[in-house]
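Take a look at the structure set out below.
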Number of protein chains: 2
Amino acid sequence: MSSVTINDVARFAGVSKKTVSRVINNEINVSVETRDKVMAVINQLGFKRNPLGMALAKNRSLFIALLADNPSPGYLQKLQKGILQCCSEEHMGLFLYDCRYRSPGLVNEIEEFIDNTLADGLILVPPLSDKQDLLDMLDRKKVCYIRIGPKNQGCGDSVGFNGVKAACEMTSYLLRLRHKEIAFVLGHPDQESSRRVETGFRKAFADQGLSVNEALIVQGYYTYQSGIDAAATLLSKVPRPTAILAANDEMAAGVLYEAHSRGIKVPEELSICGIDDISLTTKVWPNLTTMRQPIATIGYRAALMLINKLKGKPMPEAVTPEDQSNIYDCELIVRDSTSAPTNLRT
Amino acid sequence: MSSVTINDVARFAGVSKKTVSRVINNEINVSVETRDKVMAVINQLGFKRNPLGMALAKNRSLFIALLADNPSPGYLQKLQKGILQCCSEEHMGLFLYDCRYRSPGLVNEIEEFIDNTLADGLILVPPLSDKQDLLDMLDRKKVCYIRIGPKNQGCGDSVGFNGVKAACEMTSYLLRLRHKEIAFVLGHPDQESSRRVETGFRKAFADQGLSVNEALIVQGYYTYQSGIDAAATLLSKVPRPTAILAANDEMAAGVLYEAHSRGIKVPEELSICGIDDISLTTKVWPNLTTMRQPIATIGYRAALMLINKLKGKPMPEAVTPEDQSNIYDCELIVRDSTSAPTNLRT
DNA sequence: ATGCAAATTGACACCGGTGTCAATTTGCAT
DNA sequence: ATGCAAATTGACACCGGTGTCAATTTGCAT
């Protein structure tokens, strides 16, 4: 491993290594001739800065990590994809850390993880985004973080989607199809998005001057199994709801499975839809109607914000309102799991 | 960040920092009294070795990375889970790197990734496991790696599953159900597991003295879409196969979707099964029969082998033949997507 | 008690970078 | 040409560890 060091470059260029350091860090106060000369040697020798040397000297590793314990694997997968895309472009490594939100020693485990890797930037996925004791520890250790979908979205250290609007649009769509008995499967009570989505659901009814049937709102936990359980409850009711909106696709898939198990035809007898647009939506039959959340974009954005924060670079000028607020809108994707209720169709 | 350094410990314990270094590295030639004294101070002060300092001095980061470009997200997810479990126990960080196998600059990109992170251990997921130019580069850079499911499985630097046996068992199961027209969807031609699984499929027929209907063997690529495409071909044939075995679950799910689209009842009119046992198998309806591969165990094992290799530790004594050979067996999981062909029932 | 090999320990340089501060050079007004 | 502030550069110490090798201590046979 005969890698080229800053000393090699300095010797070749006939300058001190501090000057080389200045050049590779784009510092001011280096004459143009010196900079050109050093750059030429750097390119000629194929020099690359050793990130460990820098990390040690600066006491900042510039490594970032993704901390996740999310009940929807498809969501995480897309988020991870966006984050990795950004890391790749920015020449950063991404550490992965799987955790169990409910573990009592979680904060200590994460602190140990940070000590072991010296990651100095973190991306927090719900429900970690609002875990106050975790945030306190990170602040104490001066570890930067960006949160996905926390309580006070849009405050500069977070990225998220407009859950109110998304759920409202989806519900309005079902109302437009003239569904009357629309059920709703709530998200996990510990996740803020859950509340936003519920608000949106209720808003759609309120906008039409309609009232929500509270008996058709059941608790879910964003997991596939919780979708099955919620559907078991809902599909036993008389009269049965004609449409079920789940707070995420993972649960919507569970609802669909339960409908199949009971021999209920989708969408003829029951419309089902979710939120997120994870890959699972097009792997079940029929494909699920959903609100497409730009998950990968959100991941990319979170990583970019974090990396720029660590490097002390400002974010590029926001061109869209979404980039301005870091709150992204969803898009209605109509697939095969929704239709008008049967009694209204010919 | 007032972290305790090796110098602090040395001063407190009244020894040189080299002696502290000896203690934390468990070197011989430290007197018991000295070791105890230093350990006491280490515990008292809460000293933790700075991995960056060590990495720089030893020229080995002990960081490992997972390189993946696998067509089955559910497979990757489970593999990743096992790897992370091991990393967590061993107090190691795991870098993630997503790549596109077909990208012409892939080897250079990976080299750059390694330079940026200084990972000195890699886990290679198929189809990367057998990419010779990649392996050459890693050998040149003296980067350790463990491969998942490569050509010459069981050679000490790889972990895998017994694909021949798995496919043979699954096919035998279908034959026992008295299916005659059994179709097979091949895996990706670039992945060695694909060949092993095909061998197993053929072996099951040979074991019974039966011959394979070559027209019912179609190419797949381990992706969901390729499963749909293969099913479209197979289900148009007259007579239609009564069972389809796909080389992985991702494709089996695609086959199931296509069957649904054509109104073909599963398992009454068509049995479908796959290999892997990813979470998708229990999210589609009906749940898919499969051969359960201990994916997380394989991931865990790969990570452990890699970490021990990097630390210069020997692997623990193998207790099972699987741990001995690092080739794991699958288990038949019968779910709802398979049954005897209709003409034989009742 | 003495001599000698083995065990234990520490001084020092080094891994590959950066920060501080002083020394040197440059550019401009006089 | 001279003086002075600003720009440029380098010497040196340091980040937190480890490797080498010599110095010191220990344990045992004589």
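Numbers restart at 1 for each chain; the letters A, B, ... are given by sequence-line order, proteins then strands.
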Using the side chain to side chain contact (heavy atoms under 4.5 Å, CB included) rule, take A/Leu106 and A/Asp133 through it: C-alpha gap first, then chi angles, then the decisive distance, then the call. CA-CA 10 Å; A/Leu106 181 64; A/Asp133 53 350; over 6 Å; no

Rounded to whole Å, how long is the line connecting atom CD of A/Glu27 with atom P of D/dA7? 15 Å

For atom CG of A/Asp115 and atom C1' of D/dG16, their distance in whole Å: 14 Å

Sugar-phosphate, base or nothing in reach of A/Arg49, heavy atoms under 4.0 Å: sugar-phosphate

Among the nucleotides D/dT9, D/dG17, D/dG19, whichever has the atom closest to the side chain of A/Val30 is D/dT9

Atom of A/Ser61, atom of A/Asp120 and distance for their closest heavy-atom approach: N-OD2, 2.7 Å

Determine, step by step, whether B/Asp136 and B/Gln132 satisfy the side chain to side chain donor-acceptor pair (under 3.5 Å) criterion, reporting the C-alpha distance in whole Å, the side-chain angles of both residues, the deciding distance to 0.1 Å, and the verdict. CA-CA 6 Å; B/Asp136 290 342; B/Gln132 195 55 49; 3.0 Å; yes

Below 4.0 Å: OP1/OP2 of C/dG10 and any side-chain N or O of B/Thr19: yes

Report yes if at least one side-chain N or O of A/Asn29 is closer than 4.0 Å to OP1 or OP2 of D/dT8; otherwise report no. yes

What is the distance, rounded to the nearest whole Å, between atom CG of B/Asn26 and atom C1' of D/dT18? 15 Å

Between C/dT18, C/dC15, D/dG17, which nucleotide gets closest to the side-chain atoms of A/Ile6? C/dT18

Taking for A/Gly53 and for A/Ser31 the nucleotide of DNA chain D with the nearest heavy atom, the one nearer the 5' end belongs to A/Ser31

When we call it a touch if two heavy atoms are under 4.0 Å apart, what does A/Asn50 touch: a base, just sugar-phosphate, or nothing? sugar-phosphate

Would you kindly say whether A/Glu192 and A/Ser129 are connected by a side-chain donor-acceptor distance under 3.5 Å? no

Over how many whole Å does the gap from A/Glu33 atom CD to C/dT25 atom P extend? 15 Å

Partner of B/Ile64 by side chain to side chain contact (heavy atoms under 4.5 Å, CB included), out of B/Leu122, B/Ile307, B/Thr117: B/Ile307

Walk me through it: do B/Asp69 and B/Arg102 pass the test salt bridge (Lys or Arg N to Asp or Glu O under 4.0 Å)? CA-CA 10 Å; B/Asp69 171 28; B/Arg102 292 248 156 257; over 6 Å; no

Atom CG of A/Leu45 and atom P of C/dG16 are separated, to the nearest Å, by 14 Å

Output yes when at least one side-chain N/O atom of A/Thr34 is less than 4.0 Å from OP1 or OP2 of D/dT9, else no. yes

For the pair made of CZ in A/Arg35 and P in D/dT8, what is the distance, rounded to whole Å? 9 Å

Using a distance-only criterion (donor-acceptor N/O pair, under 3.5 Å, no hydrogens), is the base of C/dG10 paired with the side chain of B/Arg22? yes

Name the nucleic acid region contacted by A/Val20, choosing base, sugar-phosphate or nothing; use a 4.0 angstrom heavy-atom cut-off, strictly under. nothing

Could you tabulate the donor-acceptor pairs under 3.5 Å formed by side-chain atoms of residues 88-99 of chain A, not counting sequence neighbours?
from	atom 1	to	atom 2	distance (Å)
A/Glu89	OE1	A/Tyr300	OH	2.4
A/Glu89	OE2	A/Gln85	NE2	2.7
A/His91	ND1	B/Glu112	OE2	3.1

Nucleotide nearest B/Ser16 when distance is taken to its side chain, options C/dT18, D/dT18, C/dA11: C/dA11

In whole angstrom, give the distance that lies between atom NZ of A/Lys48 and atom P of C/dG16. 16 Å

Should A/Lys141 and A/Asp115 count as an ion pair when the cut-off is N to O under 4.0 Å? yes

Side chains of B/Met54 and B/Asn25: closer than 4.5 Å at any heavy-atom pair? no

Protein-nucleotides 12-14 of chain C N/O pairs under 3.5 Å:
none

Secondary-structure notation, DNA chain C, from Watson-Crick and G-U pairs under 3.5 angstrom (| other strand): ||||||||||||||||||||||||||||||

Side chains of A/Tyr101 and A/Asn70: do they bring a donor and an acceptor to under 3.5 Å? no

Pick base, sugar-phosphate or nothing for B/Asn7, based on heavy-atom distances below 4.0 Å to the nucleic acid. nothing

Rounding to a whole Å, what distance do you find between A/Met54:CE and C/dG17:P? 10 Å

